[in-house]
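Encoded as structure tokens, the structure appears first; notes follow it.
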Amino acid sequence: MKVCDLVKILDLTVFCGEKGLDTEITGGYTSDLLSDVMGHIEENMLWITMQTHQNLLAVATLKDVAAVLIVNGSSPDTETLQKGREEAVPLLGTTLSAFEASGRIYQLLQNGNE
Amino acid sequence: MLFKFELEGGNFSKVGYASSQIKKVLKQLAIDPRIIKRVVVALYEAEVNVVAHAWRGTVVAKLDADKISLELKDEGPGIPDIPLAMSEGYSTASEAVREMGFGAGMGLPNMKKNVDELTIESQVDVGTTVRMVTWFNKKGA
């Protein structure tokens, strides 16, 4: 499933990083601890988090994630958004909680792989 | 090749800059992507440590044909008990730093896992020097 497919299905907000919407999502990781994400997320996974500050961009780009999904209806901080416009990693938003978003996306990815 | 970057205590906007520059260089040199990933994780964590704990610091990356050597030298509070600091889950990060998603006590263990050699020298109230070496032929990894 591509990032843009997920955006359509779950009606996600695209804050920036439109260039990366065609990336194929290989899996996901849900965490707000940056070291945990650095240690465990793999390239082309979707990162689900409530973090909104600019350090999430550094982690997302260093690990080449497919996209970052910010949960609970939060938006990226101003600096995050400014910096994010220069990057190819999409920053997405949803009003769902991390639990609900993770569950639904897990199901969608599982179905896509069947 | 030698690369040098400056880090400033408390300035999280610069964290990850050195890592992303080094990542670009290693990619250009066509180093194994798995090795690049490990180097980048270790360097990022080390950058975070300097910014989260020290007053200022420098990153020096030295590239040889067969390895990359990273040295992070800071002026700061130092680490009184290095084995304790190395244990997973132990952190002295401030509340503000934790709110940003750091300070889980995973930085140093992540660094150790992702490099071939890690040495830490520290003097309380003076500073800390972290040296990391990664071999491109994955010696010992």
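Naming convention: chains lettered A, B, ... in sequence-line order (proteins, then strands); numbering from 1 in each chain. This structure is a prediction, so every number in the text was calculated from the model and none was measured.
If you measure heavy-atom distances from A/E79 to chain B, you find no contacts under 4.5 Å at all. Within the 4.5 angstrom heavy-atom criterion, atoms from both the backbone and the side chain of A/N55 approach chain B.
Below 30°, between 30° and 60°, or above 60°: for A/H53 and B/F102 the angle between ring planes is between 30° and 60°, a tilted geometry.
The greatest number of non-hydrogen atom pairs below 4.5 Å with chain A, out of B/V15, B/N110, B/N114, is found for B/N110. Here A/D64 is the residue among A/D64, A/D32, A/L57 with the most heavy-atom pairs under 4.5 Å with chain B.
Electrostatic pairing of B/K14 and B/E47 does not count as a salt bridge here, judged by no charged N lying under 4.0 Å from a carboxylate O. Using a 4.0 Å cut-off between a side-chain N of Lys or Arg and a carboxylate O of Asp or Glu, B/K67 and B/D64 qualify as a salt bridge.
Between A/Q54 and B/S13, the side chains place no donor N or O within less than 3.5 Å of an acceptor N or O (distance only, hydrogens not considered).
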